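The structure under discussion appears below in the form of structure tokens.
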Amino acid sequence: MARSSWDADPSASFARRLGKSPSDLGTTNDYNDCPDIWQLDNGDIAVIGRDLTDAYRSRLPGDVRIAADERLVVIPAVTLSAAKPEIPDA
């Protein structure tokens with residue numbers, strides 16, 4: 001069975017935070033550091049983190065690609081760990 005390609009839906013809305021808020025985790029200074037993970041109303045996941053695309057582009061593993069409209073985003077490990085219990089199984 002062939003998989004259909006996925007495309008982000010810019011009309012999707014934020015439905016619920018996965019895990020704890022950046023303030024609860026201590027990963028924000030309440031100004032410009034707000035790493036976060038959200039589930040959208042269409043089931044997709046939005047990740048808010050630091051754009052390090054340029055820093056990692058030359059060091060990507062051989063089978064990893066970043067399209068022109070994609071970014072490599074880094075979040076603190078504690079942000080993902082706090083969200084783990086709320087991330088749905090595939």
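Owing to the predicted nature of the structure, the values given are computational and were not obtained by experimental measurement. Heavy-atom basis, side chains included; hydrogens, waters and symmetry copies ignored. In this chain, residues are counted from 1 in sequence order.
The ring-ring contact (aromatic ring centres under 6.0 Å, His included) test applied to Phe14 returns Trp38, not counting sequence neighbours.
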Go through the steps for Ile87 and Ile45 under the test side chain to side chain contact (heavy atoms under 4.5 Å, CB included), then give the verdict. CA-CA 9 Å; Ile87 297 173; Ile45 306 298; 5.8 Å; no
Using the rule given for side chain to side chain contact (heavy atoms under 4.5 Å, CB included), can you reason through Ile66 versus Arg57, listing the C-alpha separation, both sets of side-chain angles and the distance that settles it, and then say yes or no? CA-CA 8 Å; Ile66 301 174; Arg57 189 177 302 278; 4.0 Å; yes
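Note that CG of Leu72 is 10.0 Å distant from CG of Asp54, once rounded to the nearest 0.5 Å. Asn42 CG to Ser11 OG: the interatomic distance, rounded to the nearest 0.5 Å, is 7.5 Å.
A single hydrophobic cluster is seen to contain both Val47 and Leu18, as judged by linkage of ILVMFWY side chains at heavy-atom distances under 4.5 Å, directly or through other members. Taking hydrophobic clusters as Ile, Leu, Val, Met, Phe, Trp and Tyr residues chained together by side-chain heavy-atom distances below 4.5 Å, Val74 shares a cluster with Val64.
Between Glu86 and Arg16 there is a salt bridge, since a side-chain N of the basic residue sits under 4.0 Å from a carboxylate O of the acidic one.
When all heavy atoms of Arg71 and Asp51 are compared, the closest pair comes out as CD-OD2, 3.3 Å. Residues Arg65 and Glu70 share a closest heavy-atom pair of O-OE1, 3.9 Å. When every heavy atom of Asp24 is checked against every heavy atom of Lys20, the shortest pair comes out as CB-CB, 3.9 Å. Minimum interatomic distance between Cys34 and Thr28 (heavy atoms only, all atoms of both residues): SG-OG1, 3.4 Å. Minimum heavy-atom separation, Ala46 to Leu40: CB-CD2, 4.0 Å.
Panel note: side chain Asp41, backbone Ala15; no donor-acceptor pair is recorded below 3.5 Å. Within the 3.5 Å criterion, the main-chain N or O of Asp36 finds no donor-acceptor partner in the side chain of Thr79.
Among residue pairs with one or both ends in residues 66-90, none qualify as ring pair (Phe, Tyr, Trp, His ring centres under 6.0 Å); sequence neighbours excluded. For residues 59-83, the set of pairs meeting the ring pair (Phe, Tyr, Trp, His ring centres under 6.0 Å) definition, not counting sequence neighbours, is empty.
Counting only heavy atoms from C-beta outward, the side chains of Thr27 and Ile75 never approach each other to under 4.5 Å.
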